[in-house]
Amino acid sequence: MKPIRIATLLVIIIGFGQSVQGQNWDKVVNLKGSWKFSIGDDMDWSKPDYDDNDWESIKAPSMWEDQGYNGYDGFAWYRKHFKVWGSVHGKYLSLHLGRIDDVDQVYVNGHLIGASGTFPPHYKTAYSAWREYYIPDNLLYTDRDNVIAVRVYDSQMGGGIVEGDLGLFEKENTLRLDVNLDGEWKFKTGDNMGWKDEKLDDQKWPNIFVPGYWETQGYPDYDGFAWYRKKFYANDDLAKKKLVLVMGRIDDLDEVYLNGKLIGSTGNMNDEPINYNSYDEYQKFRGYYIPDGLIAANKENTIAVRVYDGYNVGGIYDGPIGFIAQDKYTRFWKEQSKHVRKNNFWKWLFDQ
């Protein structure tokens, strides 16, 4: 068996497919290089039709101090025009902008898709966070230019889009959801079981982007309980389907409620003390089967997610998030099991 070791290794490297635990990103559009740039702050600069022809050019990733803006601290904007070739319908796409010093908001074709840190007057840095923001496929054009606008605030020392592999990426080997719920959710720290109720008025709750760690979105160093809420409208067709609510990965423990009813949980949040790390719950992929008749047709429905984070980062941090038909979900995991069995076979053969 020894002579086939090299051949076997090549087969393993090429791969017969990967499990969800080993998902990779495939770059669709390269965004490294020249961007339009202006110091100052004007929300009109987020608009896709804004004329930025007279703006200076700057390279990203790189600190703006190294490109002529020595000693500048404050607000600045980046803008980038790009094209997408081919259909993006149904793809799970993410904008990767590496590390931004200190705070950012990111717009694609005029729509806010993500933010990290907190702008003045309640300034909180997120300089160490790597920016990965989901882009709904319906925001992108395939027949004309797309525009990214990045609002940045730097408080001291180096500033700007400073590090990383910038680009539009597609997540390989992932679920194709029927309804995607990535994006802005309502969020509140603390713990109150009344927050699961579908009729709760959460309009005054802050917004947070999902998926993403809450530490990078204005809650640094927070450990403990927090709740997420999301309202969605269901037509007759969606309400009648056998569905699974996909919640991606959550750090550390969770309970998920739909219209006030518990539909699934990972870990035990009622232990004293809470044992949040014994089974590495934060790595587990969440998919909760929805009982028939629980989704109300032709009206607003509510998802409420109770989360406990024990230490380090926390929250609903990895997607996709949304609904998928039960038959599609089970078929996907059957395929994953086949890939795992194949990979395990070749690993066993390699070890002989």
Side-chain angles (χ1 to χ4, degrees), residues 25-69 72-89 91-117 119 126-127 129-154 158-171 182-184 209 212 216-217:
W25 292 98
D26 180 39
K27 185 181 284 188
V28 177
V29 178
N30 181 25
L31 296 174
K32 286 185 174 180
S34 179
W35 288 61
K36 292 291 187 178
F37 180 79
S38 178
I39 61 172
D41 190 32
D42 187 334
M43 294 309 297
D44 283 345
W45 297 348
S46 68
K47 297 177 180 177
D49 57 356
Y50 178 81
D51 185 0
D52 56 24
N53 284 323
D54 62 347
W55 283 26
E56 293 191 39
S57 293
I58 194 172
K59 289 185 178 180
S62 181
M63 290 186 293
W64 64 50
E65 284 85 352
D66 293 339
Q67 301 182 73
Y69 294 88
Y72 178 71
D73 297 322
F75 285 92
W77 284 71
Y78 294 76
R79 287 173 58 89
K80 182 80 168 180
H81 297 253
F82 69 98
K83 291 185 181 294
V84 175
W85 305 105
S87 174
V88 295
H89 178 68
K91 293 183 177 181
Y92 191 81
L93 301 171
S94 180
L95 177 61
H96 293 195
L97 292 176
R99 191 167 61 83
I100 298 177
D101 196 342
D102 286 280
V103 183
D104 67 280
Q105 289 176 334
V106 179
Y107 299 81
V108 172
N109 294 329
H111 298 271
L112 180 65
I113 65 161
S116 296
F119 288 98
Y127 75 93
W130 286 85
R131 274 63 167 184
E132 296 182 4
Y133 299 134
Y134 165 75
I135 304 179
D137 58 9
N138 60 5
L139 290 188
L140 294 174
Y141 307 121
T142 56
D143 58 347
R144 60 185 187 275
D145 267 358
N146 297 273
V147 180
I148 301 167
V150 185
R151 184 190 187 206
V152 177
Y153 176 79
D154 174 51
I161 304 174
V162 298
E163 181 183 7
D165 187 9
L166 313 188
L168 178 65
F169 288 77
E170 177 189 0
K171 182 178 280 190
D182 286 21
E184 287 188 286
F209 283 95
T216 65
Q217 300 185 69

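Along the sequence shown, residues carry numbers from 1.
- Donor-acceptor pairing under 3.5 Å is lacking for the side chains of Tyr69 and Gln67.
- Separation of atoms CG (Asn109) and CZ (Arg144) is listed at 7.5 Å; rounding is to 0.5 Å.
- With hydrogens and angles ignored, the 3.5 Å screen pairs a side-chain donor or acceptor of Lys80 with a backbone N or O of Ser34.
- In this structure, CZ on Phe37 lies 4.5 Å from CD1 on Ile58, to the nearest 0.5 angstrom.
- Among residues at least two apart or in separate chains, salt bridge (Lys or Arg N to Asp or Glu O under 4.0 Å) pairs with a member in residues 94-110 are Arg99-Glu163, Asp104-Arg131.
- Listed by first then second residue, pairs satisfying salt bridge (Lys or Arg N to Asp or Glu O under 4.0 Å) with a partner in residues 48-69 read Asp52-Arg79, not counting sequence neighbours.
- Taking the ring-ring contact (aromatic ring centres under 6.0 Å, His included) definition, one finds that Phe209 meets it with nothing, sequence neighbours left out.
- Expressed to the nearest 0.5 Å, how far CG of Leu140 lies from NE2 of His111 amounts to 10.0 Å.
- The distance from the CD1 atom of Ile161 to the CD1 atom of Ile100 is 5.0 Å, given to the nearest 0.5 Å.
- Taking 4.5 Å as the limit, some side-chain heavy atom of Tyr92 sits within range of a side-chain heavy atom of Trp25.
- Residues forming a salt bridge (charged side-chain N to carboxylate O under 4.0 Å, His left out) with Asp143 (at least two apart in sequence, or on another chain): none.
- Atoms CG and OG1, from Asp137 and Thr142 in turn, are 11.0 Å apart once rounded to the nearest 0.5 Å.
- The heavy-atom pair separating Val108 from Leu139 by the smallest distance is O-CD1, 4.4 Å.
- Listed by chain and residue number, nothing satisfies the salt bridge (charged side-chain N to carboxylate O under 4.0 Å, His left out) test with Asp73 (two or more places apart in sequence, or in another chain).
- Put simply, OG on Ser94 and NZ on Lys171 are 8.0 Å apart, with the number rounded to the nearest 0.5 Å.
- Checked against salt bridge (charged side-chain N to carboxylate O under 4.0 Å, His left out), Asp145 has the following partners two or more places apart in sequence or in another chain: Lys83.
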| said: Between Trp35 and Val150, does the side chain to side chain contact (heavy atoms under 4.5 Å, CB included) criterion hold? Intermediate values first, please. | reply: CA-CA 10 Å; Trp35 288 61; Val150 185; 4.1 Å; yes
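- The two residues Gly98 and Leu166 have their closest heavy-atom pair at N-CD2, 3.9 Å.
- Asp42 and Tyr50 form no side-chain donor-acceptor contact under 3.5 Å, judged by distance and modelled atom types alone.
- Ring pair Tyr72/Trp64 is tilted by interplanar angle, where 30° to 60° counts as tilted.
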